[in-house]
Amino acid sequence: MIDLVLLGDVLAGTARLGTPIAFAALGGVIAERGGLYNIGLEGQILAGALGAAAGSFATGSAMIGLGCGIICGLISGLLLGYMSIRLRINQLVGGIALNLLLAGLTAFLSRQIFGAQAGGARVNGFSQINIPFLSDLPVVGPSLFSQDPLFYLLIGLAIAAWFWLMKSHKGLDLRAVGENPKAADLAGVPVFRMQYLAIAVSGALAALAGVQLVLSQVYVFAEGMSAGKGFIALAAIILGRWSPIGAICAALFFGFCDAVQFKLQFTSPEIPYQLFLILPYLASLVALVVLGAKASAPASVGLPYDREHR
Amino acid sequence: MDPFLNVTGICKSFGAVRALHNVNLLASKGECIAILGENGAGKTTFASVLIGLYQPDNGEIKLGGAPVSVSSPAKAIEHGIGMIHQHFSLVGAMNAEENILIGLPSTKRGAEARARIRQLCSDFDFNVDFDIRVTEMPVGMKQRVEILKALFRDVSILILDEPTSVLAPTEIAPFLKGVRKLVANGCLVFFISHKLDEIREIADRVMVMRHGRVEGVLPVATTPMAQMSALMMGEKPTSETVGMPKAEKVRNDTSSAPDALVVSDVCLIDPGGAEILQDLTLTVKAGEILGIAGIDGNGQTELSEVITGLKRQTSGAIHLNGTEISSASIASRIADGIGFVPEDRHAEGLVLSLSVEENLAFRSIGDDRFMSGGLISRRAMHEIASDVVAAFDIRPPDPKLNASALSGGNQQKIVLAREVARARNLLVVVQPTKGLDVGATDFVQNQIRAVAQSGVGVLYISTELEHVLDISDRVAVMAFGRITGVVDPENTTLQDIGLLMTAAPEEVK
C-alpha cells in the first residue's frame, strides 16, 4: 500500500511539474511547424509568469492574472516574430536575445511592482478542481483528476492543437509553410501572416507555462523562476516528433523525472541532493540521444523565407 | 479589342545585375508562346514577375484591358496566373491531394474538391498515385501534380519553366499532349525552353530574350530555326554558323597512348545490400574521351564517386597512370591530378554564398600562387580569377560577385574552370551540360575537348546521348551497374545503344 501512495504522489507531481514544460513544448511545436524556431520559450515563460503575478496582484483575480499572462506572451511572441520574419535575423540568436531581454526585464519590473522584499508578494491563484467520481478513484484519482484548471486546459489545448494542425485546412497551410514556404506562397498561402500567427500563439502558450508556475504552484513571482523549463521544452519538441500530443507526452515524461528526483531527495537524504537535481536534465539528454536520432524536423524550420531570394 | 494580356515596359534589377529591361508583350487566350533565350537571358525572371514572386521596378501588366497589380503569388492566383517551376514547388512530406489543396479557401476543400481533382486527372489522362508522398514520386508524376495544382485553381495563364528538362524521353510526348489540350481549352500558355525542336512542335509564337531584353516575338511556323537561334545568341557566333569545331571534330587516335585510368572489377554494394556497381571494368587512355551513356540511375553517379574517392568500392581496384589509388584519400587523388565536375553544381560543385574568385580558389587555397607569406593573398586570388573569368567568358565579369548571383551556365563555367586546371591526368565530368543552353553547352564541350587534346584522359558521364556520341572517342554503355558494351560513336546506331542501355539484368551476363 505504501507503494501505491508513493505512486500516486509521483503521478500528481508529474502532472504538476510537467504542465509548464508541456505548455512551452506545445508552443514550440506550433512555431516550428510554421518554420520558426522559438528559442525564446524560456523568456516567454518568465513574461507569462510576471504578467500573471502582476494581474492577480493588482486585481486579486486569478482569471485576470491568466489574461495578463497570455497578453505578455503574445507580445513577446510577436517581438520574436518581427525579428525572425521581417528582419530575418538568425532565429537562434534572436531567441537567445529575447531570453536575455525578458530575464532582465521581468526581474526589473517585478521589483517595481512588488517592491524589493524577499519572497515577493503573494497573489491569488487557482485551486484544484475535483472532477466528480473520477477524483475518488484510487491512485490516479487524486493525482490526475483533482488538478488545477490549467492542467485540464493543457489537455484540451493539446487535443485542439493536434486536431487543428493535422486535420484542418489552415493547419495544412501552416505545415506547408514549415516544410516549403515557397511552395506554400505559390499556392496562395499568406506565408508571413501564418508565421506571425504561429509565433504569437507559440508565445502565448509558453506564457501559460509561466502562468501555471505562479497561479497554480507557488503563488508568487520569483526572478528566473522558469529555471530551464523552456530549454527542456525544446528537447520535448524533438522527442515528441513535432506532434502536439507527442510533445505533451515527452514533457510529462520530464515532469515525471522531476517528481521522482524530489521523492528521492526525501527518501535518500544521505546522497547530496544536487545529484538528484541533475536527473530531469540527464533524462532529456539521454532521451534525445536514444530516441532523437530518427526525428525529422519540418524541412524549412529556421530558414527565413525571402520571396525575392535567387 | 484589347488583348488578353498586355505587358508594357517591365524592368527589374537585382543590385547591379539588370535582369529585365523594358519588356513588352501582347498575348491572347488559347495561345502558346514559347520564351526562348540563353541561361540568364531573363526568361524565369520575367515569369516570376508575372506570378508576383518578384516586384518589377517599372512597367505595367494589364489583364483584359484593366491594369492589375500582382503583388504576391496569392494575387496572381486570384487573377488566374499560375506557374510550374523547373524544380517544382511541392511539399515533399505531403501527398498529392494535400499539395493541391494547400492555400485554398476552406470552401474549395471539401469532398467535391477531391472528386474534382480526380476528374481533372482523368480528363487529362494523368497518371497520379494519390496514396504516396511527393518525395516518393518519380519526376514526371511530380510535374503532373504541379499541373493539377494549377488546373484546380482555374488558371487562364500558365507558365511552364523548362518543363521537359526534368522528364524522361518517354514522358515528354504525353506531357506535350496535355499542354496542347490546355491551349485548346483557351488557356494562355508560356513555355520557357531553349530546345528549338520542342518550341517548333508546341508553340504558336516565340518570344526571344537576350540579356534581359525582348529581341523579337515571331510566329513559329514561318520563322526558320536559324533565325530564332541567331536572335537568341546575338552577335556571338554559334557552332552552326561557324561550322567549327562541332562539325569537323577531330577524333584523337589514342590507341597507342598509355592508360590514364584503369578500373578493374569494381563492385559497390550499398548498405541496403543492393549491388550498385557489379564487376565494372573500364579503361580511359591518356588524351581520350570515354563517354558513359546510360539511363539515369544505373550507377553512373556512383562510378564517378568511386573514382574520385567520395565512395569506397566494396571490391576491385582503380589505377591512375599505373599506380594503384584504390584506397587513396580524396585529397591525394586531387594531388595526383584528378579533376571532377560533379552532377549537382549547386550542392557539390560550388559554395553559392562565396564569391566567384573564392569558388575558383578553394580546394587549391594552399597553392603557392594563392599564398603570400603564409597567408591567403586576396590580390593574387583576384588576379588569377580575373584571368579565368575572361578566359571562360563568365558573366557578369566580376569575380567578387557571389556565385549564387550567376546563371546556371556561368556557374558551370566556374566549376569547369577550376577542375580543368586541376586535371593533370584525369578529368571526370558528370552531366556537365545539364540545364545549359546551346551556347554554354558548346563552350563546355569545347573546353573538355581541349583538355583531352592536351593529353588528359576524360571520363564523360551523361544521360544526354547526343552529347555523349558527339564528344566521345569511345562510348561505354552502362546498365544496372555494369558496362553492357563499348561502341565506336562513328559506327553505331541509336538502336544498338538503346538496346545496350535497356539490357535486362539477366541478358547482361
Side-chain angles (χ1 to χ4, degrees), chain A residues 29 32-36 85-86 88-90 163-198 238 241-243 246 293-310, chain B residues 12 14-15 17 19 40 44-45 48-49 51-56 71-78 81-85 87-95 97-110 113 133-135 145-146 149-150 152-153 159 352 402-407:
Chain A
V29 166
E32 292 197 17
R33 280 297 190 144
L36 299 168
I85 301 162
R86 181 64 186 274
R88 291 197 279 267
I89 67 169
N90 183 305
F163 187 82
W164 184 79
L165 205 52
M166 306 312 288
K167 298 289 168 192
S168 84
H169 299 143
K170 288 292 165 206
L172 173 69
D173 288 356
L174 183 71
R175 282 186 288 135
V177 168
E179 292 285 341
N180 185 345
K182 186 156 192 184
D185 195 9
L186 287 167
V189 177
V191 171
F192 300 127
R193 216 183 307 159
M194 291 301 284
Q195 288 194 321
Y196 273 117
L197 176 74
I238 301 170
R241 297 283 195 278
W242 288 269
S243 147
K294 283 180 298 186
S296 60
S300 294
V301 66
L303 306 171
Y305 176 56
D306 178 1
R307 190 181 271 162
E308 295 216 356
H309 184 72
R310 298 231 288 172
Chain B
K12 175 75 185 173
F14 294 97
V17 182
T44 304
T45 310
S48 298
V49 166
I51 59 151
L53 262 183
Y54 298 159
Q55 291 310 304
S71 54
S72 70
K75 269 269 163 28
I77 292 167
E78 269 175 42
I81 309 173
M83 173 163 177
I84 293 170
H85 289 254
H87 299 293
F88 307 135
S89 39
L90 296 168
V91 179
M94 296 181 183
N95 64 27
E97 211 167 73
E98 287 174 317
N99 265 291
I100 292 168
L101 294 179
I102 291 168
L104 290 171
S106 316
T107 48
K108 280 186 149 187
R109 297 200 201 180
R133 296 184 305 164
V134 165
T135 38
V145 173
E146 279 276 33
K149 203 164 109 183
F152 193 81
R153 285 164 170 74
I159 305 161
L352 290 175
N402 274 3
S404 59
L406 274 62
S407 67

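Naming convention: chains lettered A, B, ... in sequence-line order (proteins, then strands); numbering from 1 in each chain. None of these values were measured; they are calculated from a predicted model.
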key: Heavy-atom pairs under 4.5 Å with chain B, option from A:Leu186, A:Val191, A:Val189, A:Val177 with the top count   =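 Greatest number of close heavy-atom pairs with chain B: A:Leu186.
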For [X], is it the side chain, the backbone, both, or neither that has a heavy atom closer than 4.5 Å to a heavy atom of chain A?
X: B:Ile51; answer: side chain
X: B:Ser72; answer: both
X: B:Glu78; answer: neither
X: B:Ile102; answer: both

ask   = Passes side chain to side chain contact (heavy atoms under 4.5 Å, CB included), A:Arg175 versus B:Val91? Steps please.
value = CA-CA 9 Å; A:Arg175 282 186 288 135; B:Val91 179; over 6 Å; no
ask   = Closest heavy-atom contact between A:Ala183 and B:Lys149?
value =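 For A:Ala183 versus B:Lys149, the nearest heavy atoms are O-NZ, 4.2 Å.
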request  = Please name the pair of heavy atoms, one in B:Met94 and one in A:Ala176, separated by the smallest distance, quoted to 0.1 Å.
outcome  =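 Looking at all heavy atoms of both residues, the closest pair is CE-N, 3.5 Å.
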ask   = For the side chain of B:Arg153 and the backbone of A:Ala187, is there at least one donor-acceptor N/O pair under 3.5 Å apart?
value =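 Such a contact is found between B:Arg153 side chain and A:Ala187 backbone.
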request  = Please examine the side chains of A:Arg307 and B:Pro73, heavy atoms only from C-beta on, and report whether any two atoms are closer than 4.5 Å.
outcome  =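 When only atoms from C-beta onward are counted, A:Arg307 and B:Pro73 do touch, with a gap below 4.5 Å.
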